[in-house]
There are 2 protein chains.
Amino acid sequence: MQNTRFTGWQARPSRSIVIDTPTLDRNLAHMQAAAGSAAVWPHIKTHKSPEIARRQRAAGATGLTCALPEEALAMLHAGLGPVTLARPEVDPNQLRALMPHAQRGAVRFTIDHPAHIAAIAAIASGPVDLLVKIDVGLHRMGIAPTIAALQALVAAIPSPLRYAGILSHAGHSYGGASLDAIRQIGAAEVEVMRNLAAAVPAQGEMVVSIGATPTLLAGQDLHSITEIRPGNYALLDMTAVGLGVATRDDIAMAVVATVIGVGAGRVVIDTGSKVLSSDRGAHGTSAVTGYGEVWLDGATAPLTLQRLSEEHGVADSHPDVACDIGQKALVLPNHACPVMNLGGAFTLLPAGQTHLARPTSPEIARQRMMNGR
Amino acid sequence: MQNTRFTGWQARPSRSIVIDTPTLDRNLAHMQAAAGSAAVWPHIKTHKSPEIARRQRAAGATGLTCALPEEALAMLHAGLGPVTLARPEVDPNQLRALMPHAQRGAVRFTIDHPAHIAAIAAIASGPVDLLVKIDVGLHRMGIAPTIAALQALVAAIPSPLRYAGILSHAGHSYGGASLDAIRQIGAAEVEVMRNLAAAVPAQGEMVVSIGATPTLLAGQDLHSITEIRPGNYALLDMTAVGLGVATRDDIAMAVVATVIGVGAGRVVIDTGSKVLSSDRGAHGTSAVTGYGEVWLDGATAPLTLQRLSEEHGVADSHPDVACDIGQKALVLPNHACPVMNLGGAFTLLPAGQTHLARPTSPEIARQRMMNGR
């Protein structure tokens, strides 16, 4: 890693999340450029932070993408909408809280089943935009990628709900064995989406929305795509490095740790799965080994975390990496998104401003929603 | 699962953590009975909650165990000390915040290296109790389990610091292939600790502290052991069931989920790794398959989560388990501890009282520590 990055990290206490602001801003600008004429709707699950969402909007993002209703509401309350809710929602209380925003065009819902339509229709009293999720290969959510399946679901949408377009997530690209394999997954996704969009156009302007960081950074051809929804691209991590879509110098987030054990061939840090998560990457990727890289202050080579317990990380020692108890280290995690979710806050470096990520606990956010606030 | 447990869970929103209070209290009483004359110092990492710690003290616990300084301070501020800090701490700011408590006997520190002693000695101005960590087989922290190694480290402890005893954690019991193997690990631990305690007695009353839920629930002989520090026993999880030290009816914690996808042989819930963690158990256990069990309301057989993404859980469908979108489910996680860490709160059932777990974000807790509050 360039030692000009994460300036001032050594002053932060253990288990702090630090973000290199120049790298973050470069990542945001790079994705805006890659998007061409497609609108960028970043998935905020990566950071959960109004501060970073604000930077994404300032860099040119048109809207935001969320998975959780409470996160969508937090972004709307911060004045950062419109929002696409990328996961079907069926809870009446949560739909009720979002519906006023949806009916003024600030929230779009995702569906892949008549039961999703019925749940929204039961609450809606005005026009609401629905996007149909297409399964392009992750086999998680989404209808089969056929014209017949799309036509059947669209036919089940009653007025005043509106079919606004289609969306997909090629998360299986995280399992891509090579850059070429990732590019093929991305090309196949775009072809499927282009054909479906042409065959089943929306009532108004057609939304054709795709988005996964690996395919987009690998250089996806976006012809006929109107929107992209990348998330991880803002911060990146060792998974992206392992996949070959980023270098270590593109990683904008790291965790500060302290060495608490040395000896018997091991280096132990005070940072474990309750900070770094036990993710080995996303969607079963085999792009990473271990649980993250430990860069001791001043070292020119990393140590790899071989195992994590809840509050310990254990790496093999390395003859070229000198190490003492008390020494500080920067950890590059496998997967940035769960780390930001675990952390209560992050510090933007070099300015040193600390911002809350996940400003309230999920439980408090849900209780607020249930009370309609 | 008995349908008399978790009474009222269906009324809680998705991703809520629910605790069956009768089961929790039974687990606490069971461990107190198993401890015999040994003092119980529960590790609060499992729940991070003053409310549950209070129940542990009411059930007979003598003190508490923490890994993080901020958690130790939270417990002390709630009037729930004394506390053993089971992981060596070297950060001067954190040691400074704990030192007034340590010097009145309310915090005991753990060491396994002269550098740990030096860090504490640099801050201490009065007597402080130190426990020496013994590596009984987990190979994470701890000195080699030999009399010579213990004598050497004890000799390095300067006045007014005090050698108060030894402690161990047989976390490798989570990798035990059978109940018999777990019992052998427990027996070996006790033998090592008993011999070391006899050979290198403390200056005052000797502390001989062990603690891992599997060995203790498997029926560890505690002769010569003065203290136990189990954590997971309070809530338990599918790992404990897989290891054979508990049944599903002993699990006191579950997560509420909602089915959002059905079809193509899959059942998808709205609860993923950001709620359940991606832990496959602790310390590399192979006791679990998948990422937790999904019990649909009214079902007599579970679905196993085959994969998690951040906000989705995917199980294979099962011919005997009927399932509709919108239906609620209880999830039994692989590992209770990271789930409580991820959740902002939990509800004690059947009373329905909601309590904060991890009452402040880790970052806020650390900032308070840095400011000496």
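As a basis for the values below, the full set of heavy atoms in this structure was taken, side chains included, without hydrogen atoms, waters or symmetry mates. Residue numbers start from 1 in every chain, and the chains themselves are labelled A, B, ... in the order their sequence lines are given, proteins ahead of strands.
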With respect to chain A, which residue among B/I260, B/V90, B/D135 yields the maximal number of heavy-atom pairs within a distance under 4.5 Å?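 Most heavy-atom pairs within the cutoff with chain A belong to B/I260.
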If you count heavy-atom pairs within less than 4.5 Å of chain A, which of B/R87, B/M141, B/E311 leads?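 Among B/R87, B/M141, B/E311, the one with the most close pairs to chain A is B/R87.
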Considering only heavy atoms, which portion of A/V275 lies under 4.5 Å from any heavy atom of chain B: side chain, backbone, both, or neither?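 Nothing of A/V275, per the 4.5 Å heavy-atom cut-off to chain B.
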Is the backbone N or O of A/G231 less than 3.5 Å from a side-chain atom of A/H47, with the two atoms forming a donor-acceptor pair by type?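 Not confirmed, A/H47 side chain does not pair with A/G231 backbone.
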Looking at B/D270 and B/R15, does any basic side-chain N land under 4.0 Å from a carboxylate oxygen?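 The answer is yes: the pair qualifies as a salt bridge.
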B/K48 and B/E70 ion-paired at < 4.0 Å: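 A salt bridge is absent here (no side-chain N lies under 4.0 Å from a carboxylate O).
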Just by distance, with hydrogens left out, do B/S14 and B/T258 show a side-chain donor and acceptor under 3.5 Å apart?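 Indeed, the side chains of B/S14 and B/T258 share at least one donor-acceptor pair under 3.5 Å.
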A/R140 and B/S309 side chains, donor-acceptor separation under 3.5 Å: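 A/R140 and B/S309 do have a side-chain donor-acceptor pair below 3.5 Å.
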Residue selection (most heavy-atom pairs with chain B, distance under 4.5 Å) from [options]:
| options | value |
| --- | --- |
| A/D324, A/V268, A/V262, A/V314 | A/V268 |
| A/P338, A/C337, A/G326 | A/C337 |
| A/K274, A/E89, A/K45 | A/K274 |

Interchain contact, B/A67 with chain A, by part (heavy-atom threshold 4.5 Å):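 Side chain only.
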Rounded distance (nearest 0.5 Å) linking atom OG1 of B/T354 with atom CG of B/L349: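 Atom-to-atom, B/T354:OG1 and B/L349:CG are 8.5 Å apart.
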